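Notes follow the structure.
Keep in mind the model is a prediction, meaning the values are calculated, not measured.
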Amino acid sequence: RVGSGCGLIGQHAGGVLANEVYWCGYSNFFKLSGGGVETLPCTVWDFVFQNINRDAVDKVRCAPNSVFNEITWHFPTGTNTENDSYAKLNIIEGTWDYGLLERTAWVDVSVLGSPIGTDTGGFIWQHESGNAVSGSGNPSFQTGWWAISEGQELAFVDYVIPDFIWGTFGTTGASIDITFYSADHPGDTPASYGPYTVTQQTEFLTPRIRGRLMSME
């Protein structure tokens, strides 16, 4: 016995990345290393374990992506009986993100190239092979809230200097719409600033944000 209270939630919920074993349990994520079983600190715990469909946990699928040192778990939420959501960990940076994505099976990097996954419609997708998904519209992501001094101080942001990579090697034609949000207390309706359209020629923004909590989309 190497641990207790850390059983596998489903037969496909474990995977190997960088010679270490990762898996999803019934109430946490775990890793098996030289020191034994470790619980992985998870900043998106609520999204996973308060949303997961407990009647369909056998569908949970672990998806290692050795190209980017990431390991993802796809799982069903609410009353869905097929995987519709994911939580992803970058094992180098120790950072999590989450979102909506249908994946029912997964193969990491192989002789076929970059990782391959399938969706609930039976389509096969090869990941990390381009910069866009046909028909997806304008993709976006939003950061979590950040604060100064654990929220004890109100922050003022008058000046923002964008620092992005503006396309693949040799291209610089991309543009990004940035919206900032602020709130004085958790649960408040956020104030929004923007969106600001930013290109490589944009030197700075002056959004003049005030708030205890801030986020960016």
Say whether [X] and [Y] are linked into one hydrophobic cluster, either directly or through other cluster members, by side-chain heavy-atom distances under 4.5 angstrom.
X	Y	result
Met216	Trp145	no
Ile209	Val198	yes
Tyr196	Trp166	yes

Next on the checklist: According to salt bridge (Lys or Arg N to Asp or Glu O under 4.0 Å), who are the partners of Arg208, at least two apart in sequence or on a separate chain?
Outcome noted: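 Testing Arg208 for salt bridge (Lys or Arg N to Asp or Glu O under 4.0 Å), a comparison that skips the adjacent residues, returns none.
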Checklist entry - Please, which pairs that meet side chain to side chain donor-acceptor pair (under 3.5 Å) have at least one residue in residues 68-77, sequence neighbours excluded? => result Thr77-Asp84
Atom pair [atom1]/[atom2] of [X] and [Y] - distance to nearest 0.5 Å:
X	Y	atom1	atom2	answer
Leu40	Glu38	CG	CD	7.5 Å
Asn80	Asn51	CG	CG	10.5 Å
Phe29	Trp23	CZ	CH2	12.5 Å
Arg61	Thr104	CZ	OG1	7.5 Å

Under the side-chain contact (heavy atoms from CB on, under 4.5 Å) test, residues paired with [X] that sit two or more places apart:
X	answer
Gln201	Thr199
Trp45	Asn28, Cys42, Phe49, Gln50
Val107	Ser110
Asp119	Glu102, Arg103, Phe123, Trp125

Within the structure provided, determine whether [X] and [Y] are in side-chain contact (heavy-atom separation under 4.5 Å).
X	Y	answer
Thr95	Leu89	no
Ser114	Gln126	yes
Val48	Trp96	no

Checklist entry - With His127, which residues qualify under ring pair (Phe, Tyr, Trp, His ring centres under 6.0 Å), at least two apart? => result Trp106
Next on the checklist: Starting from Leu112 and following side-chain heavy-atom contacts under 4.5 Å between hydrophobic residues (I, L, V, M, F, W, Y), which residues can be reached?
Outcome noted: Val111, Ile116, Ile124
Item to check | Linked hydrophobic residues, Phe68 as query - side chain contacts closer than 4.5 Å | outcome: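 ILVMFWY cluster around Phe68 also holds Val67, Val109.
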Side-chain donor-acceptor contacts of residues 170-189 below 3.5 Å, not counting sequence neighbours, with atom names and distances?
residue: Thr171; atom: OG1; partner: Thr168; partner atom: N; Å: 3.0
residue: Thr171; atom: OG1; partner: Thr168; partner atom: O; Å: 2.8
residue: Thr171; atom: OG1; partner: Thr168; partner atom: OG1; Å: 3.4
residue: Asp177; atom: OD1; partner: Thr197; partner atom: OG1; Å: 2.7
residue: Tyr181; atom: OH; partner: Glu217; partner atom: OE1; Å: 2.7
residue: Ser182; atom: OG; partner: Tyr193; partner atom: OH; Å: 3.4
residue: Ser182; atom: OG; partner: Arg210; partner atom: O; Å: 3.1
residue: Asp188; atom: OD2; partner: His185; partner atom: N; Å: 3.1

Checklist entry - Hey, is the main chain of Tyr98 close enough, under 3.5 Å, to the side chain of Lys88 for a donor-acceptor pair? => result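 Between the backbone of Tyr98 and the side chain of Lys88 there is no qualifying donor-acceptor contact (under 3.5 Å).
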Checklist entry - For Phe47 and Ile52, what are the C-alpha separation, side-chain angles and deciding distance, and is it a side chain to side chain contact (heavy atoms under 4.5 Å, CB included)? => result CA-CA 8 Å; Phe47 177 77; Ile52 193 168; over 6 Å; no
Checklist entry - Can you tell me if CD on Gln142 sees more than 12 non-hydrogen neighbours from other groups inside 6.0 Å? => result yes
Checklist entry - If you take all heavy atoms of Leu100 and Tyr86, which pair is closest and at what distance? => result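 Between these two residues, the closest heavy atoms are N-CE2, 3.8 Å.
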Next on the checklist: Show the nearest heavy-atom pair for residues Asn83 and Lys59, with the distance to one decimal.
Outcome noted: ND2-O, 2.8 Å
Compile the donor-acceptor pairs under 3.5 Å between side chains in residues 150-162 and protein atoms, sequence neighbours left out, one pair per line.
none

Side-chain polar contacts of residues 3-21 - donor-acceptor pairs under 3.5 angstrom, sequence neighbours left out - could you list them?
residue: Glu20; atom: OE1; partner: Tyr22; partner atom: OH; Å: 3.3

